[in-house]
Amino acid sequence: MFILKRLPFTGSISVRMLQYTSLTFGFVVACHRSTSRRGASPYNSVDSERYSSLVKSVISSRTSSQTPDTIHDEDEHMFGPVVKAHTQSRQQRRLPKVVHPFLRCEETREPESGPPVRIVLNRDQGRSSIPSVTRILQATLSAEQLFYLERWKRRMVAELGEEGFKEYTQNLFRQGKLFHSALEEVLMSGATRQDEKHEPQSSDVMGYMKSIAYVLEDVSAARAIESSVQHDTLDYLGIVDCVAHYRGVLCVIDWKTSEKPKPFLSNTYDNPIQVAAYAGALNSDARYKYQVENGLIVVAYKDGSPAHAHQLNHELMLEYWEKWLIRLEEFREQRSNKESAQQTQYS
DNA sequence: GGATCCTTCTTCTTCTTC
């Protein structure tokens with residue numbers, strides 16, 4: 001109940017948080033029970049020795065002297081007084097109003113062999129208002145996500161200062177970009193082993209490349225790299241990191257860098273939705289003569305710890321495709337609300 | 001030349017006990 005009181009959300013959100021909290025609590029209790037009965041925990045699947053330096057580096061920067069009172073004061077200062085929750089019936093899982101197909105009806109064909117394609121995004125063709133996957137996901141973050149992101153940002157600014165925080169985020173982006181460039185070079189050259197690299201790399205990029213080396217051994221026949229995709233009827237676009245075979249299965253692959261270990265798919269937040277969105281767009285995009293039913297999210301670590309590779313089979317992709325359609329609907333609602341508000345203002 | 005776009009990242013309670 002303490003958690004609920006602290007949350008600065010309006011009624012409906014607080015109820016969602018209560019559901020989330022009880023679910024989490026139930027999960028923890030279930031895990032604890034199963035641990036005490038059988039000595040097995042889901043975290044046992046994480047190789048703690050392998051990730052020890054990564055875990056240490058994350059934990060070492062988290063010395064907290066917080067108490068419930070200081071947290072309460074801090075939250076009240078940051079988010080204002082608590083809004084009491086209204087009692088509401090349990091919300092039902094939202095479904096998209098229109099379930100657009102993930103795949104084309106035509107028969108799935110294997111992509112042609114040859115070097116991977118790269119279709120450059122050209123926004124200057126009179127359709128510049130088409131939103132991108134990233135923009136839509138950013139604009140439709142949940143209240144919970146926004147709350148935790150804002151809290152994280154405030155804490156980082158308190159620790160590093162405005163300038164320090166700016167530098168920190170710029171460095172994160174820079175590392176991600178360098179990692180993508182290095183990968184692009186490896187995949188374009190057809191070499192999937194790190195020791196076949198020719199260009200010198202920074203120590204950070206070397207760590208990330210070492211981290212994904214064992215994943216690259218299972219990646220072959222890249223078909224597209226950093227290539228733009230556009231949905232023919234849903235009107236959104238994006239740039240897909242990579243389309244390649246992973247263990248013989250054609251996948252949309254998304255490469256990520258992370259400071260924290262992400263051993264479970266749930267640790268990757270909206271990344272699976274992003275992958276499903278790209279795959280759905282590619283499947284409807286006439287410039288690609290094949291379709292992709294599976295996905296892969298690879299999370300690489302700077303210290304060279306083995307990357308976490310999260311596979312998304314066809315069933316999971318359909319699940320996340322549905323979530324993407326909901327986000328897309330939310331984005332459109334936002335847009336039309338803004339437009340009607342503007343019309344009212346000027347009329 | 002300047003502005004804009006697509007990306008690149010960031011989130012999930014906390015403490016005690018065994």
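Lettering follows sequence order; numbering is per chain, from 1. These numbers come from a predicted model, not from an experiment.
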Centroid separation A:Trp324 to A:Phe102 less than 6.0 Å: no
So that I know where these two stand, are A:Phe264 and A:His308 an aromatic pair - ring centroids less than 6.0 Å apart? no
If I take atom OH from residue A:Tyr246 and atom OG from residue A:Ser220, how far apart are they, to the nearest 0.5 angstrom? 11.5 Å
Whole-Å gap separating [atom2] ([N]) and [atom1] ([X]):
X: A:Leu121; N: B:dC5; atom1: CG; atom2: C1'; answer: 7 Å
X: A:Phe264; N: B:dT11; atom1: CZ; atom2: P; answer: 17 Å
X: A:Arg151; N: B:dT14; atom1: CZ; atom2: C1'; answer: 11 Å

When clusters are formed from ILVMFWY side-chain contacts under 4.5 Å, directly or step by step, what else is grouped with A:Leu141? A:Leu146, A:Leu149
First of A:Val133 and A:Ser266 reached from the 5' end of DNA chain B, by closest nucleotide: A:Val133
I need the single residue from A:Leu312, A:Val133, A:Thr268 that forms a side-chain contact (heavy atoms from CB on, under 4.5 Å) with A:Val275. Which is it? A:Leu312
Provide a list of protein-nucleic acid N or O atom pairs under 3.5 angstrom, restricted to nucleotides 8-10 of chain B.
residue, atom, partner, partner atom, Å
B:dT8, OP2, A:Gln274, NE2, 3.4
B:dT8, O2, A:Lys177, NZ, 3.4
B:dC9, OP1, A:Thr257, N, 2.7
B:dC9, OP1, A:Thr257, OG1, 2.8
B:dC9, O5', A:Thr257, OG1, 3.3
B:dC9, N4, A:Gln138, NE2, 3.1
B:dT10, OP1, A:Glu259, N, 3.2
B:dT10, OP2, A:Lys262, NZ, 3.1
B:dT10, O4, A:Gln138, NE2, 3.4

In this structure, are over 12 heavy atoms from other groups packed under 6.0 Å from A:Glu167 atom CD? no
